[in-house]
Amino acid sequence: MAKKSEIKLLGTVASPYVNRVQFVLHLKSIDYEFIDENLANKSELLLASNPVHKKVPVLLHADKPPIPESLIIIEYLDEIYPDVHKLLPTEPLDRAENRFWANYIDTKFFPLYEELRLTPGKEGKEAVKKQIMEGSKLLEETFVKISKGKAYFGGDDLGYLDVVLGCFLAWTEFVENINDFKIFDDIKTPRLAGWRKRMCSHQTVKGVTPGNDTLVNFYMMLQKYRPPRAACLN
Ligand SMILES: N[C@@H](CCC(=O)N[C@@H](CS)C(=O)NCC(=O)O)C(=O)O
């Protein structure tokens, strides 16, 4: 009889926050069971496991209390499996810097993609695009500083910030295509453009990143349940 995995991940494959946890599980070669969640009709298990936010991902580790929030899950996995593919740097100051940028990516940068979808009208959208471009330039500088001339934020292979920002690459391409602009490109953000190519051909990233149909379906669900704001008439 197959051994039941003691790690379960409650998620949906279109969610970048879920994907980043999957990246880590793959990088650390941790066997896990994926429990697919329908966000339009949340399961009792999700509501009971993450009663505060009611969001995926949630990690279930054996019979321990559930762990919600992707960044918290990643740090937990990095602590309980420290010997395989360590993600956070060893120096406390470097860890603090990594966490600062992860917080920036999650609270400032990626929410602008959603703001772009919700904002009506060409003028409004152009203003959001400008903010996204300012963010990508800031991240370019951050990459140059943290990667120290290496291929990834983490050095020669994926580290914490590669996972944190890399999970948004599929959505980045999607947002670029429907809004006809480039978020990371060879001219304005050359180092991140190179990083993006390396990330997209990395085995772990390729194995987890959702395909376009999955993104389209998720986007349609967002359009239905959280439609763009109506344009102001005066
Ligand atoms: N800060 C959370 C964000 C998770 C999140 O936003 N998950 C979305 C899917 S991409 C979700 O579950 N949404 C359900 C809802 O908003 O009701 C994390 O890092 O885990």
Side-chain angles (χ1 to χ4, degrees), residues 9-12 14-25 27-28 49-59 66-82 85-119 127-148 150 152-155 157-172 175 183-184 188-189 191-192 195-196 199 204-205 208-209 222 226:
L9 178 63
L10 205 46
T12 177
S15 164
Y17 304 100
V18 172
N19 296 157
R20 64 165 58 139
V21 175
Q22 292 178 287
F23 287 169
V24 174
L25 290 163
L27 288 169
K28 288 183 175 286
S49 308
N50 189 359
V52 175
H53 298 300
K54 305 176 179 62
K55 290 183 177 188
V56 290
V58 178
L59 190 87
I67 307 168
E69 286 294 317
S70 60
L71 295 180
I72 294 169
I73 297 171
I74 289 171
E75 292 212 24
Y76 175 75
L77 291 171
D78 210 30
E79 282 180 28
I80 62 166
Y81 296 99
H85 204 115
K86 191 85 181 95
L87 290 161
L88 273 158
T90 45
E91 285 300 316
L93 203 57
D94 294 338
R95 279 208 295 277
E97 188 180 36
N98 270 243
R99 288 179 178 127
F100 173 85
W101 287 109
N103 179 267
Y104 170 78
I105 290 162
D106 276 15
T107 62
K108 298 277 183 205
F109 184 71
F110 186 63
L112 289 170
Y113 290 18
E114 177 66 347
E115 184 58 24
L116 185 58
R117 185 183 71 79
L118 293 173
T119 302
V128 182
K129 283 185 192 175
K130 192 164 165 270
Q131 289 182 59
I132 294 177
M133 291 314 303
E134 283 163 7
S136 62
K137 277 191 221 139
L138 201 54
L139 289 172
E140 169 87 357
E141 288 164 23
T142 305
F143 180 77
V144 170
K145 178 165 184 282
I146 292 184
S147 65
K148 300 188 180 78
K150 301 218 167 151
Y152 299 99
F153 283 96
D157 204 349
L158 271 63
Y160 179 71
L161 281 176
D162 297 290
V163 164
V164 171
L165 184 59
C167 71
F168 296 123
L169 286 175
W171 282 106
T172 297
V175 169
I183 296 172
F184 303 124
K188 290 196 275 302
T189 56
R191 299 290 303 284
L192 275 183
W195 167 81
R196 172 190 191 155
M199 285 292 289
T204 292
V205 177
V208 169
T209 300
L222 287 174
R226 213 187 295 153

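Start at 1 with the first residue, then count along the sequence.
- In terms of heavy-atom proximity, Ser147 sits nearest to Arg191 at OG-NH2, 3.8 Å.
- A side-chain donor-acceptor contact under 3.5 Å links Asp162 to the backbone of Gly154.
- Taking the six-membered ring wherever Trp is involved, the centroid distance between the rings of Phe143 and Phe153 falls below 6.0 Å.
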Under the criterion salt bridge (Lys or Arg N to Asp or Glu O under 4.0 Å), I'd like the reasoning laid out for Arg20 against Asp106: C-alpha separation, chi angles, the key distance, then a yes or no. CA-CA 12 Å; Arg20 64 165 58 139; Asp106 276 15; 2.8 Å; yes
Take Glu140 and Lys188 through the test salt bridge (Lys or Arg N to Asp or Glu O under 4.0 Å) and record every step on the way to the result. CA-CA 9 Å; Glu140 169 87 357; Lys188 290 196 275 302; over 6 Å; no
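- Applying the side chain to side chain contact (heavy atoms under 4.5 Å, CB included) test between Val164 and each of Asn103, Leu71, Asn98 identifies Leu71 as the sole match.
- Listed by chain and residue number, Trp101 satisfy the ring-ring contact (aromatic ring centres under 6.0 Å, His included) test with Tyr104 (two or more places apart in sequence, or in another chain).
- Looking at every heavy atom in both residues, Ile183 comes nearest to Ser136 through O-OG, 3.1 Å.
- Under the 3.5 Å distance criterion, the side-chain polar atoms of Asn50 are matched with a main-chain donor or acceptor of Lys55.
- For the atom pair Ile132 CD1 and Leu139 CG, the distance stands at 11.5 Å (nearest 0.5 Å).
- The backbone N or O of Ser15 lies less than 3.5 Å from no partner atom in the side chain of Trp171, so there is not a single donor-acceptor pair.
- Between the side chain of Arg196 and the backbone N or O of Leu169 there is no donor-acceptor pair closer than 3.5 Å.
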Report the C-alpha distance between Lys137 and Glu134 in whole Å, list the side-chain angles of each, state the deciding distance to 0.1 Å, and finish with yes or no for salt bridge (Lys or Arg N to Asp or Glu O under 4.0 Å). CA-CA 5 Å; Lys137 277 191 221 139; Glu134 283 163 7; over 6 Å; no
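- Two residues are said to be in side-chain contact when any heavy atoms from C-beta on lie closer than 4.5 Å; Leu165 and Met199 fail this criterion.
- The heavy-atom pair separating Leu158 from Leu87 by the smallest distance is O-CD2, 4.1 Å.
- In this structure, Lys108 contributes its side chain and Ile105 its backbone to no donor-acceptor pair below 3.5 Å.
- Under the 4.5 Å side-chain criterion, counting only non-hydrogen atoms from C-beta, Pro89 is not in contact with Glu97.
- Annotation: Arg95, atom CZ; neighbour count of heavy atoms from other residues, nucleotides and ligands within 6.0 Å is above 12.
- A 4.5 Å side-chain heavy-atom check between Tyr17 and Glu69 finds every atom pair outside the cut-off.
- Taking 4.5 Å as the limit, every side-chain heavy atom of Val21 sits out of range of all side-chain heavy atoms of Val163.
- Contact between Glu115 and Thr119 at its shortest, heavy atoms only, is O-OG1, 2.5 Å.
- Contact annotation: the side chain of Tyr113 never approaches that of Val128 to less than 4.5 Å [non-hydrogen atoms, C-beta and beyond].
- Nearest approach of Gly166 to Phe23, heavy atoms of both residues: C-CE1, 3.9 Å.
- Atom NZ of Lys86 sits about 6.0 Å away from atom CG of Leu88, to the nearest 0.5 Å.
- In this structure, CG on Leu192 lies 10.5 Å from CG on Leu138, to the nearest 0.5 angstrom.
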Begin from the C-alpha positions of Leu59 and Leu77 and carry the test side-chain contact (heavy atoms from CB on, under 4.5 Å) through to its verdict. CA-CA 10 Å; Leu59 190 87; Leu77 291 171; 4.0 Å; yes
Checking Lys28 against Asp78 for the side-chain contact (heavy atoms from CB on, under 4.5 Å) test, could you report, in this order, the C-alpha distance in whole Å, the side-chain angles of both residues, the deciding distance, and whether it holds? CA-CA 9 Å; Lys28 288 183 175 286; Asp78 210 30; 2.8 Å; yes
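- Residues Gly11 and Val18 come closest through the heavy atom pair CA-CG2, 3.7 Å.
- With a 4.5 Å cut-off on side-chain heavy atoms, Val24 and Thr204 do not count as touching.
- Contact of the Val58 side chain with the Ile67 side chain is not registered, since no non-hydrogen atoms from C-beta on lie closer than 4.5 Å.
- In this structure, the separation between CG on Leu27 and OH on Tyr81 is 14.5 Å, given to the nearest 0.5 Å.
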